[in-house]
Each structure stands twice: as C-alpha cells, then as structure tokens.
Amino acid sequence: MSESSASVTGNILDVEKIRKDFPILSQTVRGKPLIYLDNAATTHKPISVIERVRKFDAEEYGTVRRGTYKLSEHATRLYEDARQKVADFMGAEKKGEIVFTSGTTQAINLVAHSFGKRFVSEGDEIIISNIEHHANTVPWQVLCEERGARLKVIPVDDDGELMMEEYEKILSPKTRMVAVNHVSNALGTINPIKEITQKAHAAGARVLIDGAQSTPHLKLNVQDIDCDFYTFSGHKMYGPSGIGGVYGKMDLWEEMPPYVTGGDMIMQVTLEKTTYAKPPARFEAGTPPITQVIGLDAAIDYLNEIGLDKIAEYENSLLEYGTRLFKEIEGVRIIGNARSKASIISFFSDSAHPHDMVHFLDQDGISCRGGHHCAQPTMIRYGVPATTRASMAFYNKPEELDALAESVQKCIRFFS
Ligand code: PLP
C-alpha cells in the first residue's frame with residue numbers, strides 16, 4: 001500500500017515546513033535520507049531551541065537564585081518564567097508545584113523516596129502496572145524492600161489494555177500509591193488515567209502518572225486528571241536532555257522531606273541542625289541545569305505554536321496508516337493493539353530478532369529501536385524477548401512509514 005501523503009494526513013500540519021525547523025532531519029545516513037523513528041527514546045530539537053540555548057549561553061548565562069548582580073537576576077527570572085511556562089503547559093494551579101529534575105527517572109526516584117519516607121510503612125501497598133518503564137518499576141520495588149511494603153501489579157490484556165476490574169480488586173485501604181504511565185513506551189497504550197486516579201482516591205491512595213511519553217503527544221491538564229504527581233522529560237519534548245520534572249500537589253510537597261540535600265534547599269543551616277526551604281526549592285538542591293531549563297522553555301513555545309491538538313490529530317493519522325501497513329506484512333505481529341494508542345508501533349517477527357532487524361533497517365537509513373525498551377516485564381507478558389519499535393513524531397511523513405514497511409519486508413525475506 002502506498003497512499004499519497006495528503007490522503008493519509010490531510011492538511012492537519014504543514015510537515016515539509018515543520019521539517020525545515022529540524023536541521024538534523026535533512027542529513028543522509030549511509031547514503032540514504034535519514035528516517036528517524038525512535039522518537040519515544042528521544043526527539044530532535046528545532047532550530048528555535050538550539051538558537052535559544054546558544055544565545056542564553058553566549059549572552060545571558062548566570063547562576064540562579066544566589067547572585068544579586070544583573071546576570072544572575074536575569075537568569076533567575078528566566079528560570080522561574082520557565083517554571084511558570086511548564087505549569088501552564090501542564091495545567092497546574094501554581095508554578096511552585098513544578099519541581100525541576102534531570103528527567104522522569106529522577107522525578108520518580110524523588111517521589112518514591114520522599115513520599116515513601118513520609119507516607120509508606122510496613123504492610124502498606126504500592127500499585128504499578130505490568131506495562132511500566134523500569135523507571136516506574138524499580139524505584140517502587142526498592143521502596144517496598146526498604147519499608148516492608150508490598151508491590152502489586154495491574155495486569156494487562158492481550159491487546160495491551162490495563163485490566164481495570166483487576167485493578168479494582170487489588171486497590172485497598174492499604175494502598176498508598178498507584179503509579180502508572182499515561183502512555184506505555186513499549187506498546188503505545190494510552191491508559192485511562194482519570195479513571196485510575198478517581199478509583200485510587202476513592203480508596204484513599206495517591207497517584208503518580210509517568211508522563212514521559214504523553215507530554216510530547218497529548219494535551220494535558222493535571223488539575224482535570226486530579227493526579228497527585230505527573231512527570232515529564234524535556235528530551236522527549238523536543239527540548240534539551242538533562243532536564244525534566246514533576247508536578248505535585250502543593251499540600252503534598254509541603255509535607256514531604258527532601259530527597260537530595262545540600263545548597264539551595266535550605267532555610268537555615270547551623271552545625272547542629274538544618275531547616276529546609278519551602279517547595280519547590282526544597283527538592284532542587286545544588287546548581288540546577290540552568291541552560292537546559294531555558295531550552296525547555298523554548299521547546300514548550302514550539303509545541304504550543306503548533307498546538308498539541310493538531311499534533312495528536314496528525315500523529316494519530318500516521319499511527320492508523322502505519323498500523324494498516326504493518327497488518328498487511330506477513331510474518332509480523334504487532335505487540336500492543338489497544339483501542340486508544342499514541343504513535344508507537346511495536347512489532348515482532350519470528351524470522352528476525354529485533355536487534356538484527358534494526359541493524360538491517362539502519363542500512364536503509366532508518367533509525368528504529370530494537371530491544372526490551374526498559375520494559376522487561378512487558379516483554380515477558382507477551383512472550384517475546386524484545387520488539388522492534390517505530391515511534392513517530394509530528395515531523396514524520398507517511399512516505400517514511402512506506403519505506404519502513406518495505407525495509408522490514410526485505411529484512412524478513414533476508415533472514416527467512
Ligand atoms: N517512563 C517512560 C514511559 C519512558 O518512556 C521513559 C524513557 O524512555 C522513562 C520513564 C525514563 O525517562 P528518562 O530517561 O528521560 O528519565
């Protein structure tokens with residue numbers, strides 16, 4: 001099947017114009033035009049982000065919070081403006097509810113450690129799902145080991161949807177935290193996080209949503225979801241690496257102890273005792289990734305300019321098209337067929353191991369991911385060692401999916 005670009009995606013976005021914003025996309029790989037389909041791992045940066053970072057470092061850089069001179073005051077203002085921008089982007093009530101971290105991994109570790117220390121005791125329970133990234137699995141396992149709590153798991157059906165009736169069965173007055181992703185990085189499933197949150201709250205539990213995969217694709221309002229924490233990673237949102245964060249309800253932050261300690265997170269230090277700053281500073285010890293925060297601010301401007309609604313609509317059309325293509329390829333099984341999915345196609349073929357498959361695709365200039373995607377329990381659930389994953393962004397085109405499907409077929413023939 002090869003349909004025209006316009007018939008697949010209509011006029012939702014001017015993709016050719018958008019692609020010009022991303023310098024890296026115009027390069028060739030092994031003599032072929034680069035087809036970048038590993039956006040769930042990390043996204044490329046538009047020129048506006050690259051330029052903003054360059055200008056900030058060249059002309060505006062200074063430390064934040066500490067200095068009383070012009071450069072420092074300016075950098076501090078930009079840093080706090082960026083916090084407001086993230087708060088608006090996520091629909092948070094107050095900018096102080098946003099804590100910057102290096103990304104989702106650090107954000108979940110922060111919450112698991114700090115929330116756990118304050119609220120989790122022996123005999124309590126934490127719930128995750130069977131389709132979590134290791135970043136939303138291991139910190140909770142460690143917390144449970146340390147505090148004598150129990151980890152419970154929401155099972156997933158053959159299509160990749162969480163089994164909500166099983167979730168209700170494992171929720172109990174002992175549940176302290178329900179931690180699930182909004183979008184699964186291994187399958188693309190969009191989870192019903194509002195319903196998950198309502199049910200958790202009815203049982204007296206708190207909710208953390210891992211938003212690493214959703215923030216680049218879906219319009220968000222944390223107040224509407226009513227979750228207690230929501231994480232994100234800048235490098236998956238067309239921003240710099242090394243920056244991300246977590247939204248948390250202010251009343252919870254206020255009750256939580258620090259995770260990392262040192263400079264900037266204190267109210268007063270004597271040799272005998274330290275008192276802590278109010279959130280968010282309490283959770284941002286040390287000099288933060290200042291330049292990366294400024295880059296994140298520019299990335300959010302870029303996303304807002306295109307519009308998350310349009311992004312979701314465009315990427316949905318790509319996903320539908322790609323899914324149709326892959327369903328026609330003999331010997332390929334799509335892993336993850338949830339009714340509600342973001343732009344990820346994970347697939348497996350008995351003919352070629354995903355590691356061989358991605359090397360093969362790379363020869364055609366196609367960057368795809370082969371592996372367990374830091375979601376080994378998901379792979380175990382579906383009885384596969386790994387999958388090949390094509391993850392699309394709004395700068396991808398239907399023609400690139402045609403090229404991918406062709407290369408996959410070539411690969412299967414080669415290894416059969
Ligand atoms: N959670 C999910 C669903 C992810 O896809 C990822 C990264 O792939 C992470 C967490 C970890 O994000 P980071 O590596 O940016 O900390």
Side-chain angles (χ1 to χ4, degrees), residues 36-45 86 90 99-113 128-142 153-154 156 160 162 177-191 193 196 207-218 220 227 229-247 259-260 283 288-289 292-293 295-296 299 315 335-336 338 340-346 367-379 381 386-393:
Y36 184 77
L37 290 167
D38 196 17
N39 296 286
T42 202
T43 49
H44 289 298
K45 288 109 191 58
V86 173
M90 298 180 87
V99 169
F100 286 125
T101 65
S102 64
T104 292
T105 301
Q106 199 194 26
I108 298 175
N109 274 277
L110 156 63
V111 175
H113 183 96
I128 61 168
S129 87
N130 199 167
I131 51 170
E132 298 306 318
H133 190 280
H134 296 162
N136 199 30
T137 303
V138 186
W140 303 111
Q141 281 176 340
V142 170
V153 179
I154 310 170
V156 65
L162 297 187
M177 175 66 83
V178 177
V180 292
N181 60 53
H182 194 165
V183 172
S184 150
N185 68 307
L187 308 180
T189 307
I190 301 177
N191 288 314
I193 52 165
I196 288 170
V207 177
L208 175 139
I209 306 294
D210 169 354
Q213 292 299 336
S214 45
T215 34
H217 302 292
L218 306 173
L220 182 62
C227 56
F229 299 98
Y230 196 107
T231 68
F232 63 96
S233 293
H235 69 100
K236 295 182 197 286
M237 299 164 64
Y238 311 91
S241 54
I243 184 63
V246 50
Y247 154 84
Y259 173 41
V260 178
F283 303 100
Q292 288 80 350
V293 167
L296 174 67
E315 290 178 348
I335 310 290
S340 184
K341 268 184 78 172
S343 54
I344 286 174
I345 301 174
S346 229
S367 307
C368 260
R369 191 62 167 275
H372 52 63
H373 317 295
C374 298
Q376 284 181 335
T378 313
M379 300 297 118
R381 164 64 181 82
T387 69
T388 305
R389 181 185 71 185
S391 50
M392 285 84 79

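Start at 1 and go down the list; that is how both ligands and their atoms are numbered. The residues of the chain are indexed from 1 along the displayed sequence. What you see is a predicted model, and the numbers here were worked out from it, not measured in a lab.
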What residue and heavy atom of the protein are closest to [atom], and at what distance?
atom                    : result
atom 11 (C) of ligand 1 : T105 OG1, 3.5 Å
atom 1 (N) of ligand 1  : D210 OD2, 2.5 Å
atom 5 (O) of ligand 1  : Q213 NE2, 2.7 Å
atom 8 (O) of ligand 1  : K236 NZ, 2.5 Å

* Please confirm whether Q106 comes within less than 3.5 Å of ligand 1 when only nitrogen or oxygen atoms on both sides are compared. =>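 No, no N or O pair falls under 3.5 Å.
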
* Can an N or O of H235 be found at a distance shorter than 3.5 Å from an N or O of ligand 1? ->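 Between H235 and ligand 1 (N or O atoms, distance only) the closest approach is under 3.5 Å.
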
* Nearest non-hydrogen partners of I108 and P139, listed with the distance ->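 Minimum heavy-atom contact is CG2-CG, 4.1 Å.
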
* Closest non-hydrogen atom pair, G160 against T189 ->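 Minimum heavy-atom contact is O-OG1, 2.7 Å.
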
* Asked: Are any side-chain N or O atoms of D210 and backbone N or O atoms of A212, one a donor and one an acceptor, separated by less than 3.5 Å?
  ->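 Yes: the side chain of D210 pairs with the backbone of A212.
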
* Asked: Ring centres of H373 and H133 under 6.0 Å apart?
  ->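 Judged by ring-centre distance (under 6.0 Å), H373 and H133 do not meet the cut-off.
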
* Asked: Between H44 and Y36, does the ring centroid distance fall short of 6.0 Å?
  ->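 Centroid separation for H44 and Y36: below 6.0 Å.
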
* Of the side chain and backbone of T104, name the one, both, or neither that has a heavy atom under 4.0 Å from an atom of ligand 1. =>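 Both the backbone and the side chain of T104 come within reach of ligand 1.
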
* Asked: If hydrogens are left out, which of H133, H182, M237, H134 has an atom nearest to atom 6 (C) of ligand 1, that is, the closest non-hydrogen atom?
  ->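 Comparing heavy atoms across H133, H182, M237, H134, the nearest one to atom 6 (C) of ligand 1 lies in H133.
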
* Asked: Just by distance, with hydrogens left out, do T231 and Y247 show a side-chain donor and acceptor under 3.5 Å apart?
  ->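 Side chains of T231 and Y247: no pair found under 3.5 Å.
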
* To do: Find out whether N136 and L208 are in side-chain contact, i.e. whether some heavy atom of one side chain is under 4.5 Å from a heavy atom of the other.
  =>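 Side chain of N136 against side chain of L208, heavy atoms only: contact under 4.5 Å found.
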
* Asked: Which ligand 1 atoms, with their elements, are less than 4.0 angstrom from a heavy-atom of A212?
  ->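 So the answer, numbered in order with elements, is 1 (N), 2 (C), 4 (C), 6 (C), 9 (C), 10 (C).
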
